[in-house]
Each structure stands twice: as structure tokens, then as C-alpha cells.
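Basis for what follows: all heavy atoms, side chains included, without hydrogens, waters or symmetry-related copies. Along the sequence shown, residues carry numbers from 1.
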Amino acid sequence: MQVNVAPEPFATARLDALPLDVDHAREMAAVLFDPALHEWTGGAPEDEDTLRARYERQSAGSPDPAELWWNWVLRVRADGCLAGYVQATVRGTRAEVAWVVGTRWQGRGYAKEAATGLVGHLLGTVSLRSVIAQIHPGHAASAAVASAAGLHPSGLWVDGEVRWRRDAVTGTGPAAPGPAGATSDPHIL
């Protein structure tokens, strides 16, 4: 059984990954309020109140004591603005990750930087053996981000998405069975 501990902040060259706080809801609602962000993952933009309620649930942690929900918002150091988020659902020695960068900040390499930083943080500072992500086969930008973070397509499909994987020892690895119903946004409630 894992203890539900809060995620540790981490930084990249241009970004600070800060543990999610309910107070981030107002700024993040504006960052995420573009229907185009939901093209590959489904759903729709959430208003501040809905996002605040989701952040309260996420911050409370998983109802499953064997699973950790770690969420970070991404602050661009140069201007102090939030630009997106990264997250990891940790179960045992494996983390399932996801990332989203707001439309206004896309095309600047922030998603690659954030995902690479997240994977490095998880494999370098936490006792994890593998990191996985589910990516829609038509989402070339997300596949490029996963590749930059050292993940490789495993050949396994989950809910119409390709599972990408990176193992701590080799940097790649065979597909491992994952939880049923895994999605590219591991813990939206």
C-alpha cells in the first residue's frame, strides 16, 4: 500500500512545475478554455467553478490507497503565467502520465520540455520502473512529445489509443498490461 503523499515540485529550463492547488482554478480555466484542446481527449472546456471542484477532488487524492494522483501546473518562469499541466497516476512502480499545454503557449516546445522534465523527475527521483502514456494514433504532436520524453510505442492499444512506454533501466520496454479503462487524462473525475 502506498502513502498518499503530495507531489514534489520540479523545474525545467523555462518552466516551474508546481503541485496543483485549488487556487490555480481561475487562471487554469482561462488557459484551458479552448475547445481545440479537447479534440483528441474528448470533453469540453470547464468553467472556473467546475475546474475548482475537479481540483478539489484531485488534490484530495485517489480513493484507492494503492494509487497516487500527482498533478502539477506549469508556470512559465519568464512571464509568471500558467501555461498548462502535467500529471501522473502512480500505481506500484509504474506511472501513467499526461500533459496539456494551452493553445496560446503551443509551438514553443513547452509540452516537450514539461513531459521530458516530468518523466525525468519520476524516473530519477521516485522509485518507479516505468512511465506510460496513452496517445491517440492521429495526434502527431503528442506522439512527438512522448518521443522527446524517451517514450516509445509499445504496440499495445488501450481504448483506441497507443500505449507509449519508457522503462527506468533501458529507456524502452515491452508493453505491460495496464489498468482497464486507462485514458490519456488519467484521473479526471
Side-chain angles (χ1 to χ4, degrees), residues 4-64 67-90 95-122 125-126 131-136 139 141-146 148-149 151 161 182-189:
N4 195 4
V5 297
E8 292 292 324
F10 65 94
T12 66
R14 301 176 295 163
L15 302 169
D16 291 320
L18 308 171
L20 179 68
D21 186 280
V22 174
D23 291 336
H24 293 129
R26 175 177 297 225
E27 189 173 355
M28 287 301 294
V31 169
L32 302 174
F33 205 76
D34 181 350
L37 289 175
H38 304 273
E39 177 181 356
W40 302 107
T41 59
E46 297 174 319
D47 64 25
E48 180 184 342
D49 291 336
T50 304
L51 197 57
R52 181 177 299 280
R54 178 160 58 100
Y55 285 1
E56 286 173 357
R57 289 189 303 274
Q58 288 176 327
S59 295
S62 172
D64 181 347
E67 181 175 85
L68 299 174
W69 288 350
W70 288 345
N71 299 275
W72 297 264
V73 293
L74 302 170
R75 184 171 304 282
V76 178
R77 207 171 297 115
D79 62 18
C81 292
L82 296 182
Y85 66 86
V86 293
Q87 60 189 109
T89 299
V90 179
E96 183 174 341
V97 298
W99 51 83
V100 172
V101 171
T103 306
R104 178 178 155 204
W105 295 271
Q106 291 178 4
R108 301 179 194 182
Y110 289 141
K112 287 181 181 180
E113 185 175 326
T116 299
L118 174 63
V119 171
H121 175 69
L122 292 171
T125 62
V126 182
V131 174
I132 61 170
Q134 263 67 254
I135 299 175
H136 188 283
H139 197 334
S142 200
V145 169
L151 282 75
E161 296 180 318
T183 68
S184 57
D185 202 354
H187 47 259
I188 287 184
L189 296 178

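- Heavy atoms only, all atoms of each residue included: Arg77 and Ala11 are closest at NH2-CB, 3.5 Å.
- The shortest heavy-atom contact between Ala83 and Val76 is CB-CG2, 3.7 Å.
- Taking Phe10 as the reference, Trp72, His121 meet the ring-ring contact (aromatic ring centres under 6.0 Å, His included) condition, with sequence neighbours excluded.
- In plain terms, the two heavy atoms of Leu74 and Tyr85 that are nearest each other are CD1-N, 3.8 Å.
- For His24, there are no ring-ring contact (aromatic ring centres under 6.0 Å, His included) partners two or more places apart in sequence or in a different chain.
- In this structure, the separation between OG1 on Thr116 and CG on Leu151 is 9.0 Å, given to the nearest 0.5 Å.
- With Trp70 as the partner, the side-chain contact (heavy atoms from CB on, under 4.5 Å) test is satisfied by one option alone out of Val86, Leu122, Thr89: Leu122.
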Salt bridge (Lys or Arg N to Asp or Glu O under 4.0 Å) between Glu48 and Arg52, worked out: CA-CA 6 Å; Glu48 180 184 342; Arg52 181 177 299 280; 3.2 Å; yes

Trace of the side-chain contact (heavy atoms from CB on, under 4.5 Å) decision for Thr12 with Lys112: CA-CA 11 Å; Thr12 66; Lys112 287 181 181 180; over 6 Å; no

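- Note that CG of Asp23 and CE of Met28 are 13.5 Å apart. Values are rounded to the nearest 0.5 Å.
- The nearest pair of heavy atoms linking Glu113 to Leu15 is OE2-N, 3.5 Å.
- Here Arg54 contributes atom CZ and Leu20 contributes atom CG; the two are 8.5 Å apart, rounded to the nearest 0.5 Å.
- Around CZ of Arg26, the count of heavy atoms belonging to other residues, nucleotides or ligands within 6.0 Å does not exceed 12.
- Of the possible donor and acceptor atoms, none in the side chain of Glu67 sits under 3.5 Å from a partner among the backbone N and O of Ser62.
- Residues Thr50 and Glu46 share a closest heavy-atom pair of CG2-OE2, 3.9 Å.
- To the nearest 0.5 Å, the span separating CD on Gln87 from CD on Gln58 amounts to 6.0 Å.
- The shortest heavy-atom contact between Ala25 and Leu51 is O-CD2, 3.7 Å.
- Atom CZ of Arg75 and atom CG of Leu18 lie 6.0 Å apart (nearest 0.5 Å).
- For the atom pair CG of Asp64 and CH2 of Trp69, the computed distance is 9.5 Å after rounding to the nearest 0.5 Å.
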